[in-house]
Trainee: 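After the structure tokens below, expect a handful of questions from me.
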There are 2 protein chains.
Amino acid sequence: MTVIESAGLRARKKLRTRDAIADAAISLFLARGFDHVSVSDIAAAAEVSKPTLFRYFPTKEDLVLHRFADHKGEAARVVDSRGPDVPPMTALHRHFRAGLDRFEPVTGLNDHPEVIAFHRLVFATASLTGRLTQYQLDDEAALAAALGSGIAGRLQAAQVVAVQRVLARTNWQKIADGRTAHDVQPEAIADADHAFAQLSHGSI
Amino acid sequence: MTVIESAGLRARKKLRTRDAIADAAISLFLARGFDHVSVSDIAAAAEVSKPTLFRYFPTKEDLVLHRFADHKGEAARVVDSRGPDVPPMTALHRHFRAGLDRFEPVTGLNDHPEVIAFHRLVFATASLTGRLTQYQLDDEAALAAALGSGIAGRLQAAQVVAVQRVLARTNWQKIADGRTAHDVQPEAIADADHAFAQLSHGSI
DNA sequence: GTTACCGGGTAAATAAAGCAACTCGGTAAC
DNA sequence: GTTACCGAGTTGCTTTATTTACCCGGTAAC
């Protein structure tokens, strides 16, 4: 009963196919750039047909962004599953803080070469940042629903997502400038504390 | 245009599945013995379902003997495709001789550890030798047809197959006793010359 | 001597993958 | 400005594989 369920051949092979496609895609994108790799190249490298590739990933962009997609709706889930007597902002703050503690790539606080290259790839490609923004809007909508259906919830959600985006981007920039994640971590935590405190106390 | 045709994803994956099954089977058989491995074990090791396994190999025995099956009808083909003015026995003799020159496993003249272990596995397992005999009978029938439809052809075919079997078995025995293929080769060639000469000149 | 299990082998339904040919927007050639 | 090509994504159709449940013969339990 491990974390990775070995539930049946079919399921296992589907996972493996998905991984093979994603790995081939990322590797080719990093090597040649997003726009200089065709989906046919990826399909060939992953040894699947083109229709199969599109059965797993709806668009070329999703071949890159599925890693972010794994976090889809996470903020909303954090709010929904917070303990009693825990304000939403506190839960979101703790969750982001936990991400920083674990150097999770989504926080921007990660200096593994692959992760850096991956982020550079995303930020350097217009269609990718575009679609990533779309993801964030979806996330924001889900968070708004979790925070309560009203203009207040929608405003708060927008601010939270904006804060997360700026924090992550700031961390990434420092690391892209050559600093280590370990070195940047204290500032990242301070920035997060500052930003979330601002959100909680409305000190704008 | 290599020997291994890369003709399409489907064909390539079929080959790979077949190889995975056969490799898993041989490896398990050598490790635990033919009768102490279930086809379900093999399917699990090869990561395919049991029906899939049986679509590739009609019986458990064929998981081992498909290597011999590759030579199915070879004698008949040799006779059919011999040049003009070449007597059938001469063609068969040359062909067997060529096999010895190349240390082909079918000739028994091969001292690779895997090949030795493989042969031991076959000869030590009743159901395998049984089915192998069946293969040889099929081979004999095909050869008989190639030699001409009559009692004479059938007799000759039987004798050829018998000779090949004895020669191969003799070679294998010497190698099983610890000698090298290179060392045995001259005797093997002499034996083959003797046996085929006997067949040609009818000196029984 | 039934009953229960095990291993080889099969059948029918369904899921997933491959193949080939297509649409559609863009863009380079001429 | 038409023609031709390229790359993203789609559509039917066929092939291959998994699932599940079964048959059958043997054999161990009781």
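Reckoned from all heavy atoms, side chains included, excluding hydrogens, waters and symmetry mates. Here the structure is a predicted model, which means the values were calculated and not measured.
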Trainee: Just how far is it from atom CG of A:Leu63 to atom CZ of A:Phe29, taken to the nearest 0.5 Å?
Mentor: 5.5 Å
Trainee: By the side-chain hydrogen bond (donor to acceptor under 3.5 Å, both in side chains) test, which pairs, at least two apart or in different chains, include something from residues 15-24 of chain A?
Mentor: A:Arg16-B:Glu47
Trainee: For residues 169-179 of chain B, which residue pairs qualify under side-chain hydrogen bond (donor to acceptor under 3.5 Å, both in side chains), counting only residues two or more places apart or in two chains?
Mentor: B:Gln173-B:Asp177, B:Lys174-B:Glu187, B:Arg179-B:Asp183, B:Arg179-B:Glu187
Trainee: In Å and rounded to the nearest 0.5 Å, what is the CZ to CZ distance from B:Arg97 to B:Phe196?
Mentor: 12.0 Å
Trainee: Would you tabulate the nitrogen or oxygen pairs shorter than 3.5 Å linking the protein to nucleotides 12-15 of chain D?
Mentor:
none

Trainee: My understanding is that a pair needs two contacts under 3.5 Å, Watson-Crick or G-U wobble. By that rule, which nucleotide pairs with C:dT27?
Mentor: D:dA4
Trainee: Considering residues, nucleotides and ligands other than A:Arg32, do more than 12 of their heavy atoms fall under 6.0 Å from its CZ?
Mentor: yes
Trainee: Among residues 58-65 of chain B, which ones have heavy-atom contacts with DNA chain D below 4.0 Å?
Mentor: none
Trainee: Do side-chain atoms of A:Thr90 reach the backbone of A:Val86 as a donor and acceptor pair under 3.5 angstrom?
Mentor: no
Trainee: Under 4.0 Å between any heavy atoms, over every strand shown, what does A:Phe57 touch: base, sugar-phosphate, or nothing? Just pick one.
Mentor: nothing
Trainee: Tabulated below should be each protein N or O lying under 3.5 Å from an N or O of nucleotides 23-29 of chain D; please produce it.
Mentor:
none

Trainee: Please confirm whether the backbone N or O of B:Ala126 pairs with a side-chain atom of B:Thr129, one donor and one acceptor, at under 3.5 Å?
Mentor: yes
Trainee: Verify, without hydrogens or angle tests, whether A:Asp138 (side chain) and A:Tyr135 (backbone) share a donor-acceptor contact under 3.5 angstrom.
Mentor: no
Trainee: Measure the spacing between CD of A:Gln159 and CG of A:Leu147 and express it to the nearest 0.5 Å.
Mentor: 10.5 Å
Trainee: Can you measure from NE2 (B:His194) to CG (B:Leu167) and round to the nearest 0.5 angstrom?
Mentor: 9.5 Å
Trainee: Does D:dA17 have its OP1 or OP2 closer than 4.0 Å to a side-chain nitrogen or oxygen of B:Thr17?
Mentor: yes
Trainee: Toward the 5' end of DNA chain C, which comes first, B:Ala11 or B:Phe54, by nearest nucleotide?
Mentor: B:Phe54
Trainee: Quick one: is A:Tyr56 getting a side-chain N or O under 4.0 Å of the C:dA17 phosphate, OP1 or OP2?
Mentor: yes
Trainee: Please work out which residues in residues 37-50 of chain A have a non-hydrogen atom less than 4.0 Å from an atom of DNA chain D and list them by number.
Mentor: A:Val37, A:Ser38, A:Val39, A:Lys50
